[in-house]
Amino acid sequence: MYDYKTIEQKWQKYWQENETFKTDVWDFSKPKYYVLDMFPYPSGVGLHAGHVEGYTATDIVSRMKRMQGYNVLHPMGYDSFGLPAEQYAVQTGNHPSGFTEKNIKYFSEQLNTLGFDYDWSKMISTSDPKYYKWTQWIFKELYKDGYAKYIDMPVNWCEELGTVLSNDEVIDGKSERGGYPVIRKKMKQLCIDQPKFAERLLEGLNEIDWPESTKEMQAHWIGKSIGAHVKFKIDNHDLDFTVFTTRPDTLYGATYCVLAPEHEYVDIITTPDKKEEVLEYKKVCASKSDLERTELNKDKTGVFTGAYAINPVNDTKIPIYISDYVLASYGTGAIMAVPAHDERDYEFAKKFNIPIIQVLAKNFIGSGSSEVRSDKPMTERRVVNAIIKHPTEDKYLCVNNKKYNWIDFVMGGIEGKETPIEAAKREITEETGYTDFADLREMEFIYYDTFYAAHKDVNRHITCYTVVGKLKSLEQIAISKEEQDIADIKWIDKENLIDTLTNEAHKYSFSLLMKGEGAYTDDGTHINSDILNGLNKEEAINKMVAWLEERGLGSKKINYKFREWIFARQRYWGEPVPIVHLENGEDILLEDKELPLVLPELKDYKGHNGKAPLENAVEWKTYVTENGIKGVRETSTMPGSAGSSWYYLRYIDPNNDKEFCNQELAKHWLPVDLYMGGPEHAVGHLMYSRIWNNYLYDKGLSPVKEPFKKLVHQGMILGENGIKMGKRYPEFAIDPKDIAASYGADTLRLYEMFMGPIEDSKPWSSKGVEGAKKFVDRVWRFFTNMENITDNNDGSLDKAYHTMVKKVTNDFETLGFNTAISQFMVFVNVCYKTMKCPKVYAEGFIKMLSCVTPHLGEEIWEMYGHNNTIAYEPWPTYDEEKLVDDEVNIAISVNGKLRNTIKVALNTEEEVLKDLALKDEKVTKYLEGKEIVKTIIVPNKIINIVVK
RNA sequence: GCCUGUAUGGUGGAAUUGGUAGACACGAUGGACUCAAAAUCCAUUGGUAGCAAUACUGUGUCGGUUCGAGUCCGACUACAGGCACCA
């Protein structure tokens, strides 16, 4: 039996003593491969199953690459600034570094227990002054170049935690930690100007091999939208305000404007009679957190200011409202509202009874019931169609055109000065004889269609109004013989209507009626828009922007959702910011030689009255320049993501005290070839890292535009029942150390890799672990029994072995570990069938398997008489010729149904195959009395006989 | 509401460009070994009917393309993750 405890310890000790996995970064003789795991926060809880999954995956890849002759860099370190250490310090009065170091030690022990091939000589820890010296240094560069600066801006302030929180630390308006309420407050903040990077970050997404969903999330987060600024004059004031809109082409439909409640003009323009109401509304908004604002999302609120703006395209006076659906922080904090074509504006306009002007009409041209005939003239027509409900049943009035077999709503032209409703009544009575109408009204939207009207022999371009209503009774008058001949009356069920109707436009009108009318936000043809009439969306936008620019009323403008990254926290356990605020109001940076600026020891690590804990460090805080000017240090510290934004560079050259990373080394080792980590960092860490790298690249300090070439997210490991194990930390809480102790590290690694695709979430199964253990034992029993291992090769395992080598090599490359392992199992099953295996094959198998189960691999390798580590042995190769049998199974199907399989020689000619198939007893049964229409033959695969 | 995924046996999951659905494993059942159990080895295992050969059926639902669809197209449903008044 495999004694994993002794053997695993033996090899862990061996690797450590022999520095087996130490990477000589200056060895450029071999191609490089840089595999990186997202480094963990060293919590006292230690590793969880999710860590093990990701780390094992990269471990396997790094081991394979090493065997394939690459110089592999596979480092590990710790993102060691964080709240648990801070809280420990607050509670105990001890410096957090001791606590952190203890946890790091515990974590590292756990990692070693699992047999990972980390080069511990490259270990870094973000809270180590030797490391954060360079975090501070990069920050200084950002500050010098104007990317980091102080600006006055609204922030998420948490009273209970006494700190400013970043957007991703706020969940549903509550603090991520503790769930305390968070309010918005304006404060002077140290920020990093992220929007300056927006365009490059978007472009960079095209050149990296990342999961689509993650790239999309980042693009969405950056939130680029192309639109225009439009200037609105305020009536009776010598003032104007600017709005941002993506749809300047709908300006003719702008029937009101909205300012954010916080907008600077609100107090100026509000008329005296509205003052009280406006003030009250502003107060309500200010006291609301973001959570409450979004909760009230369903219902639009707002107040009229009493003031009017002038629509620049037609000089119409339109009311100015304030409402919290307009955010002060996006765009200009003011919008023009086009209720006909924006859902929010529509909702608001309905509630406040503001006019809705349609300026875009859906265009069915080309989808009409018949084609347009190019040889016939085009005529314009206004028409109406009528959606009329049955008086008692859930059915709608349709007419069936006998000649063409169309079924449509009653439809007809609008004559002279008729309103659409009058026209509808007349048409219905003419065509059906019904006269007794109720609740007739016009639907809000008109549309266009074009078709060839056979009865008049012309093409028709129609502007179509829709009238809806019902019949009060089925009272009927006689209709003309002519009408009777044309069409029959049909009452169609609501459910079948869409399928029954012939006309696309009628279908659309009906579905609109069913789901409720609302803003029309698709493309269409401009109407009611003077200079834009007849144009489509794109043409109209261009024309309108040009028109505005000519008159100085607006311009093209690109906007981003992406905002400044607030780069300061009122916490102790983070990198001190190397800035001093001088008495004379000047802010200065520390000199390079003053770095690292180290965190001081404190008696009290708690911040008081919302102040930063470093305010307690009276002596440390005080600063006097060489010229004798007094000042105080910045007492905020950097946010958690500062140190992790560049750590992949430091691993390459972790002990360099002259620069953050030797440039020659960086050039050789970057980018990271494979980066593995959880999807929860999609827009946090992975965005910040790209920003810092982007900046360093511009400065010539990073050799690559994008730091992480290929990114893979490992999925979540769920509890046995498939349920997440708690909200905050959803990973299934197993202590890998326990599992490693009771089953062995190799088994745990094998199991987690066999569970399923690396990126999927999958439930833990203790039965599955047993299964993995069974396989490890099975391998041990067979391959350590020398009676099974032969010196000569009789070729009986050729196919099984070479297939395995090919499959496993490909699968490891593409991170398909579950299928690679099943291929190992297939090979072992074949070995058990023959009860012998040539030594060369056994060694090849063990080499590959050693990536997953390194201890087992090393031990068997040693038993085979080797006195070196298996880690640098050349990767097995396969022979394509050995993969194919000289016989293949061919499926014979009749009309696509499998009827028999036959065994024939490889590459048997098609004619021969056909003969065999047609003679086959099981097949002929299905051919009797049928005519063979066709025979499809795919060589070495399948024959399909089509019969009639 | 929007975006992105996913949907295959009792379970986790396999299936090149469309070409024999269910690899591999877990579980279950039976057998060998054992005084017995565990471990191990061997066999069977999608469903329905049948002693059986075999037949029919089967990849979330409905429809389409095709000689042939888990795979491609269209509509829908459910679940998971993300975003959420972004003008």
Side-chain angles (χ1 to χ4, degrees), chain A residues 1 172 211-217 219-221 223-225 227 243-247 250 258 260 290 293-294 296-298 300 323-327 329-338 341-345 347-348 498 559-563 679-680 682-683 713 715-716 718 722 724 730 751 754-757 759-772 774-775 777-778 781 810 816 818-829 832-833 835 889-901 922 925 933-938 940-947:
Chain A
M1 193 51 54
D172 291 339
E212 271 320 302
S213 59
T214 304
K215 290 208 264 188
E216 207 138 319
M217 243 191 262
H220 191 77
W221 194 257
K224 178 181 181 171
S225 50
V243 304
F244 173 71
T245 176
T246 53
R247 297 299 302 270
T250 60
V258 186
D290 279 0
R293 272 197 179 191
T294 46
L296 295 170
N297 196 349
K298 293 149 208 140
K300 292 274 175 293
S323 171
D324 64 0
Y325 85 88
V326 171
L327 308 174
S329 50
Y330 182 75
T332 58
I335 63 158
M336 65 179 216
V338 185
H341 305 292
D342 182 280
E343 273 155 37
R344 295 151 300 175
D345 298 346
E347 205 185 312
F348 192 88
I498 296 279
N559 227 317
Y560 301 96
K561 280 200 271 186
F562 212 34
R563 287 172 229 163
E680 66 274 16
V683 285
H713 297 304
M716 238 177 330
L718 310 170
K724 276 194 265 172
Y751 169 63
F754 187 56
M755 287 173 89
E759 301 198 51
D760 289 6
S761 289
K762 28 202 185 271
W764 182 267
S765 152
S766 42
K767 289 283 188 203
V769 186
E770 304 263 0
K774 249 167 40 178
F775 178 69
D777 285 339
R778 213 163 134 84
R781 267 195 310 276
N810 286 340
N818 56 331
T819 48
I821 290 167
S822 80
Q823 201 60 45
F824 283 141
M825 289 169 169
V826 171
F827 179 72
V828 171
N829 288 347
Y832 268 85
K833 284 269 183 320
M835 280 321 276
N889 280 318
I890 291 194
I892 307 171
S893 59
V894 180
N895 285 347
K897 275 197 171 160
L898 178 69
R899 293 306 176 189
N900 197 16
T901 58
K922 286 183 182 164
K925 200 158 102 181
V933 185
K934 202 174 183 185
T935 311
I936 283 115
I937 300 169
V938 182
N940 301 325
K941 275 245 163 83
I942 195 166
I943 300 168
N944 191 17
I945 302 164
V946 187
V947 298

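Values reported hereafter were calculated over all heavy atoms of this structure, with side chains retained and with hydrogens, waters and symmetry mates removed.
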**Study point:** Aromatic plane relationship, A:W764 with A:Y751 - under 30° parallel, 30 to 60° tilted, over 60° perpendicular
**Key:** perpendicular
Between [N] atom [atom2] and [X] atom [atom1], what is the distance in whole Å?
{"X": "A:N895", "N": "B:C67", "atom1": "CG", "atom2": "C1'", "value": "8 Å"}
{"X": "A:Y330", "N": "B:A84", "atom1": "OH", "atom2": "C1'", "value": "14 Å"}
{"X": "A:H713", "N": "B:G5", "atom1": "NE2", "atom2": "P", "value": "13 Å"}
{"X": "A:E770", "N": "B:C26", "atom1": "CD", "atom2": "C1'", "value": "10 Å"}
{"X": "A:K934", "N": "B:U66", "atom1": "NZ", "atom2": "P", "value": "10 Å"}
{"X": "A:D324", "N": "B:C85", "atom1": "CG", "atom2": "P", "value": "10 Å"}
{"X": "A:I945", "N": "B:U66", "atom1": "CD1", "atom2": "P", "value": "21 Å"}
{"X": "A:M716", "N": "B:U6", "atom1": "CE", "atom2": "C1'", "value": "13 Å"}

Review point. For B:G9, is chi within 90° of 0 (syn) or not (anti)?
Key: syn
Between [M] and [N], how far apart are the [atom1] atoms? Round to whole Å, please.
{"N": "B:G13", "M": "B:U8", "atom1": "P", "result": "9 Å"}
{"N": "B:A15", "M": "B:U59", "atom1": "C1'", "result": "11 Å"}
{"N": "B:C72", "M": "B:U16", "atom1": "C1'", "result": "16 Å"}
{"N": "B:A75", "M": "B:U54", "atom1": "C1'", "result": "39 Å"}
{"N": "B:G50", "M": "B:A39", "atom1": "C1'", "result": "39 Å"}
{"N": "B:G9", "M": "B:G47", "atom1": "P", "result": "12 Å"}
{"N": "B:U20", "M": "B:G30", "atom1": "P", "result": "35 Å"}
{"N": "B:U44", "M": "B:A23", "atom1": "P", "result": "12 Å"}

Pull out every protein N or O sitting under 3.5 Å from an N or O of nucleotides 53-60 of chain B, one pair per line with the distance.
unit_1 : atom_1 : unit_2 : atom_2 : d
B:A55  : OP1    : A:Y926 : OH     : 2.6
B:C56  : OP2    : A:R899 : NH1    : 3.2
B:U57  : OP2    : A:K897 : NZ     : 3.0

Look for any protein N or O under 3.5 Å of an N or O in nucleotides 41-44 of chain B and output each such pair with its distance, or none.
unit_1 : atom_1 : unit_2 : atom_2 : d
B:C41  : OP1    : A:R778 : NH1    : 2.6
B:C41  : OP1    : A:R781 : NH2    : 3.4

Distance, nearest 0.5 Å, that separates [atom1] of [X] from [atom2] of [Y]:
{"X": "A:D345", "Y": "A:I335", "atom1": "CG", "atom2": "CD1", "value": "4.5 Å"}
{"X": "A:I890", "Y": "A:T901", "atom1": "CD1", "atom2": "OG1", "value": "10.0 Å"}
{"X": "A:F824", "Y": "A:R778", "atom1": "CZ", "atom2": "CZ", "value": "15.0 Å"}
{"X": "A:I892", "Y": "A:I943", "atom1": "CD1", "atom2": "CD1", "value": "5.0 Å"}
{"X": "A:S893", "Y": "A:I945", "atom1": "OG", "atom2": "CD1", "value": "7.5 Å"}

Review point. Is A:N559 reaching over with its side chain to a backbone N or O of A:S225, donor-acceptor style, under 3.5 angstrom?
Key: no
Practice item. Would you confirm whether A:N895, through its side chain, and A:V947, through its main-chain N or O, come within 3.5 Å as a donor-acceptor pair? Key: yes
Review point. Can the positive tip of A:K300 be found less than 6.0 Å from the middle of the six-membered ring of A:Y325, inside 45° of the ring normal?
Key: yes
Practice item. Evaluate the side chain to side chain contact (heavy atoms under 4.5 Å, CB included) criterion for residues A:H220 and A:K561: first the C-alpha distance (whole Å), next the side-chain angles of each, then the deciding distance (0.1 Å), finally the verdict. Key: CA-CA 8 Å; A:H220 191 77; A:K561 280 200 271 186; 3.5 Å; yes
Practice item. Under 4.0 Å between any heavy atoms, over every strand shown, what does A:G771 touch: base, sugar-phosphate, or nothing? Just pick one. Key: sugar-phosphate
Practice item. Quick one, give me the B/S/- string for nucleotides 9-20 of chain B, reading 5' to 3', where B means a protein heavy atom under 4.0 Å from the base and S means that only happens at the primed atoms, P, OP1 or OP2. Key: ---BSS--B-BB
Write down the atom of [X], the atom of [Y], and the distance for their closest heavy-atom approach.
{"X": "A:M755", "Y": "A:P763", "value": "CE-O, 3.3 Å"}
{"X": "A:G331", "Y": "A:F244", "value": "CA-CB, 4.3 Å"}
{"X": "A:R899", "Y": "A:V894", "value": "CG-CG2, 3.8 Å"}

Practice item. List in chain and number order the residues that pass side-chain hydrogen bond (donor to acceptor under 3.5 Å, both in side chains) with A:N818, two or more places apart in sequence or in another chain; answer none if no residue qualifies. Key: none
Revision key, fill the gap. For RNA chain B, the dot-bracket notation using Watson-Crick and G-U wobble pairs below 3.5 Å, [ ] for pseudoknot-type crossings and | for other-strand pairs, is (((((((..(((......[....)))((((((.......))))))((((....))))..(((((..]....))))))))))))....
Check your understanding: Between A:M336 and A:S765, who's closer to the 5' end of RNA chain B by nearest nucleotide?
Key -> A:S765
Review point. Hey, which of these two, A:A772 or A:E343, hits RNA chain B nearer its 5' end, going by closest nucleotide?
Key: A:E343
Practice item. Sequence neighbours left out, what passes side-chain contact (heavy atoms from CB on, under 4.5 Å) with A:K224? Give chain and number order. Key: A:E199, A:L202, A:I226, A:I558, A:Y560
